[in-house]
Amino acid sequence: MRYPHQEIEAKWQKFWEDNKVFKTDMSNPDKKLYSLVMFIYPSGAKLHCGHWYNYGPADTYARFKRLQGHNVFAPMGYDAFGLPAENYAVKTGIHPYDSTMKNIEDIRAQLKRIGCMYDWDAELMTCVPEYYRWNQWLFLKLYEKGLAYRKNAPVNWCTGCQTVLANEQVLGDGNCERCGNIVVQKNLTQWFFKITSYAEELLAGLDTIKWPEKTKLMQRNWIGKSTGAEVQFTVEGSDEVITVFTTRPDTLFGVTYMTLAPEHPLVDKLADPARAEEIARYRDSIKALTEIERTSTTKEKTGVAIGAYAINPVNNERVPIMISDYVLLTYGTGCVMAVPAHDERDFEFAQKFNLPIRKVIVEPGTDADSELTAAYTEVGTMVNSGEFNGLQSDEFKEVIINWLSERSVGQKKINYRLRDWLISRQRYWGTPIPIVHCPTCGEVPVPIESLPVELPYNVEFKPTGESPLASCHEFINTSCPKCGGEAKRDPDTMDTFVDSSWYYFRYLNPKINDAMFDVERGNNWAPVDMYIGGAEHATMHLLYARFIHKFLRDIGMAKCDEPFQTLVHQGTITNQGAKMSKSKGNVVNPDEFIVNYGSDVFRMYLMFMGPYEMGGDWSDKGITGTDRFLLRSYELIQKYPGIIKSVTIPEKFALENLTDAEKTLYRKVNQTFDKYNGDIDNIRFNTAIAALMELLNEMGRSLAACNADLQAYVLERYICMLAPLAPHFAEECWEIIGKEKSLFAEPVWFTADPVALVEDSVNIAVQVNGKLRGTILAAKDADLETVKAQALAQESVRKHIEGKDLFKEIFVKNKILNLLVK
RNA sequence: GCCGGAGUGGCGGAAUUGGUAGACGCGCUGGACUCAAAAUCCAGUGAGGCUUAAACCUCGUGCCGGUUCGAGUCCGGCCUUCGGUACCA
């Protein structure tokens with residue numbers, strides 16, 4: 001008989017909701033535990049397996065902590081601004097606000113059917129002025145501190161979304177992270193947040209948080225710290241100075257030419273006018289290339305000489321200045337000193353253009369005159385470096401930096417690969433940027449008291465490459481806050497990653513209307529203790545949020561240094577090897593499983609499939625296993641209705657008073673409890689469930705033969721352990737055995753009896769010459785002599801030893817006896 | 001190219017510090033129940049050899065080598081695959 005999951009699940013969801021069981025008492029931060037999942041984008045599609053795989057297990061963790069007595073806060077909300085809603089409006093004419101609100105309604109209903117312990121009073125959405133005005137406030141605070149600024153720069157332009165993107169939002173193949181269309185470079189004036197000011201701290205902070213090493217490594221690489229020097233080269237016949245950044249100042253004597261980024265402003269100033277045409281032609285030729293082509297490591301080097309010469313400060317040598325697209329304007333100073341002997345790219349370039357290659361570091365085991373067939377980039381002995389010949393190159397590095405500093409032609413320098421965060425978007429459905437452009441006063445921030453700058457409802461949605469707000473007269477035309485004259489608002493909106501960079505604070509008191517968030521609660525509840533979400537945000541949301549958190553701390557709004565103390569990424573559930581997506585048509589709809597098996601079975605199956613962080617390929621093959629497991633549990637528990645009322649359960653049982661069957665089960669339940677705690681704490685749901693299955697199998701064998709006190713003891717613990725994994729089911733069972741209070745309303749947890757964790761006899765493997773020849777059951781901690789005697793009594797062991805010379809015995813207590821014979 | 005993860009039965013996957021490989025589940029096979037089927041329950045199930053059967057033997061954690069009494073686990077060299085990154089000076 002199938003247990004009535006539909007009834008049971010509806011019953012307990014109603015109970016939890018009616019009784020506000022999961023409303024968190026925010027005023028009590030003792031034993032607080034902030035458990036967060038990345039909030040949901042309210043698309044028009046239904047919740048899919050990926051959502052369930054994120055939210056179900058995360059809820060299991062939160063419920064586990066609640067049963068353990070923590071004051072758990074687990075909110076859910078909507079990341080409600082963003083392009084899909086606007087693209088949908090372009091296509092259908094349905095306003096993003098209307099479609100988003102409708103989607104939120106639908107998604108809320110679907111979320112509730114999962115049966116998570118969300119505190120629905122803390123729900124928030126980012127697309128309403130009550131929320132986004134604080135993005136504007138944040139913007140103005142950053143602006144005030146010089147950390148929000150506008151500049152003209154080469155930026156990523158998505159040809160599909162018709163807007164600029166941050167570097168983090170361009171995929172490795174040069175396509176848009178969101179829509180997959182090609183991203184091109186454009187020079188535009190855009191708003192940036194100065195995340196680079198926090199580069200060092202963002203790097204250092206990684207050592208203080210419990211995040212997957214993989215993710216931390218990705219952030220480290222993304223920040224890309226490199227230590228070296230800046231060196232100034234003068235230019236022959238000019239007052240201009242070329243500053244280069246190099247990690248290899250030890251190779252300065254090997255410089256044979258300079259390379260500038262083709263777009264570098266110095267090029268026009270320095271170039272020989274006779275070469276102007278050639279330079280223009282070169283610039284044109286690379287403009288036609290896509291970003292991928294231009295940055296491909298396999299592309300052959302190109303470039304031209306600009307007819308000017310730089311002077312090397314260490315030896316006053318005159319070297320030609322080249323331009324080449326392998327030098328990027330956006331990294332370092334946009335100028336490179338070229339040392340072909342000791343840099344692979346320079347080597348390749350020099351070979352192609354017949355530029356001199358001068359060795360200044362000798363590879364150990366070779367000599368100064370041997371020809372280089374490739375750049376030598378390791379440590380060696382200095383040559384051709386004047387007075388410094390004979391030094392080791394790594395020591396020389398320090399020496400030359402000091403030498404440069406003393407002469408004011410260079411200094412030690414740390415450089416980061418991280419660029420500032422481009423936050424403006426030429427789209428409608430986002431937070432308006434609170435800046436007014438005045439013909440007389442220039443760029444003027446909107447006064448904080450005039451916030452919010454509301455997003456107007458009536459606009460034309462056409463992806464023209466310009467924000468739809470620009471053609472909305474009632475919005476764009478305004479008066480200058482400074483001089484009162486006619487002025488225009490900034491037409492752009494903010495990247496939606498601004499919304500998500502501080503939402504975890506807003507959840508704590510989402511209705512507060514005189515501050516961005518409740519600072520006191522923030523100090524009590526931050527950081528988030530457990531954050532669960534996808535790994536795809538490693539260098540986007542998860543980096544931005546850390547930056548904004550540190551900024552908020554610096555303006556006195558937070559005490560802790562990091563937003564997310566522990567981070568876990570759920571793996572990806574694929575279908576036939578491919579990521580599930582609507583366009584591929586391979587999305588698995590959870591609905592039929594919910595109808596046929598119930599929410600509890602479905603979430604449990606997702607957890608049982610394998611390690612949470614690995615994800616895996618979808619198959620519904622095994623779901624009957626978890627279904628049968630709950631069914632068998634249900635049938636067993638139904639045999640003991642109200643048992644709790646007729647017994648008194650001791651905290652512990654004395655082993656000596658138990659029968660063999662009782663002893664076995666008593667040990668098993670305690671051992672399971674112990675393992676279960678460790679497993680859930682470490683997000684190993686699959687093995688926790690396996691342990692419960694083992695326990696159920698043992699209960700099937702021996703529960704009926706136990707005394708009633710022990711039966712109740714075992715059932716109580718068993719149901720508690722099931723509760724985080726199958727919450728509706730466990731509430732029902734809790735009631736069946738006679739509990740009057742809901743388990744989640746009145747959390748209960750236990751401690752394992754340490755005595756029961758230890759077995760009094762153990763299986764010991766007996767090997768002969770390393771091969772398993774038998775096992776024996778011995779008393780715990782039995783010594784070598786006892787075990788050996790038992791082993792030799794076994795025919796299977798003895799026959800491998802007889803007639804041979806036993807010369808060594810290796811014995812590991814309670815584990816193994818290895819007999820070596822000749 | 002570089003950085004990181006992963007390769008274990010027919011399948012998903014288990015295996016403290018090196019110590020009985022394959023827990024748990026699916027599937028499959030046989031049996032019970034049934035007029036029959038489904039569901040459920042019980043038993044078996046890594047491969048091969050030998051045997052009426054049991055016992056027993058050999059091989060087995062991507063490949064090749066090494067360390068060790070003993071390697072899925074440690075070391076060296078590869079292969080496959082999935083992520084990340086892409087001339088970062």
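Every chain is numbered from 1 and lettered A, B, ... according to where its sequence line falls, protein lines coming before strand lines.
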Using atom [atom1] of [X] as one end and atom [atom2] of [N] as the other, report the distance to the nearest whole Å.
| X | N | atom1 | atom2 | answer |
| --- | --- | --- | --- | --- |
| Glu300(A) | G1(B) | CD | P | 20 Å |
| Asn686(A) | C24(B) | CG | P | 14 Å |
| Leu692(A) | A14(B) | CG | P | 16 Å |
| Gln767(A) | C69(B) | CD | P | 13 Å |
| Arg419(A) | C88(B) | CZ | C1' | 8 Å |
| Ile414(A) | C88(B) | CD1 | C1' | 16 Å |
| Glu536(A) | G4(B) | CD | C1' | 17 Å |
| Leu695(A) | G25(B) | CG | C1' | 16 Å |

* Which comes earlier along RNA chain B counting from the 5' end, the contact point of Val336(A) or that of Glu694(A), where each point is its nearest nucleotide? -> Glu694(A)

* Nearest-nucleotide wise, let me know which of Asp617(A) and Asn818(A) is further upstream toward the 5' end of RNA chain B. => Asp617(A)

* Asked: Taking the side chain of Arg628(A) as its heavy atoms from C-beta onward, which of C57(B), C56(B), G27(B) lies nearest to it?
  -> G27(B)

* Structure fact -> Side-chain atoms of Arg345(A) come closest, of C69(B), C24(B), A89(B), to A89(B)

* Does Lys675(A) get its side chain close enough to the base of U16(B), under 3.5 Å, for a donor-acceptor pair? -> no

* How far does CD of Glu698(A) sit from NZ of Lys668(A), to the nearest 0.5 angstrom? -> 7.0 Å

* Lys413(A) to Phe245(A) six-membered ring, cation-pi geometry met (6.0 Å, 45°) -> no

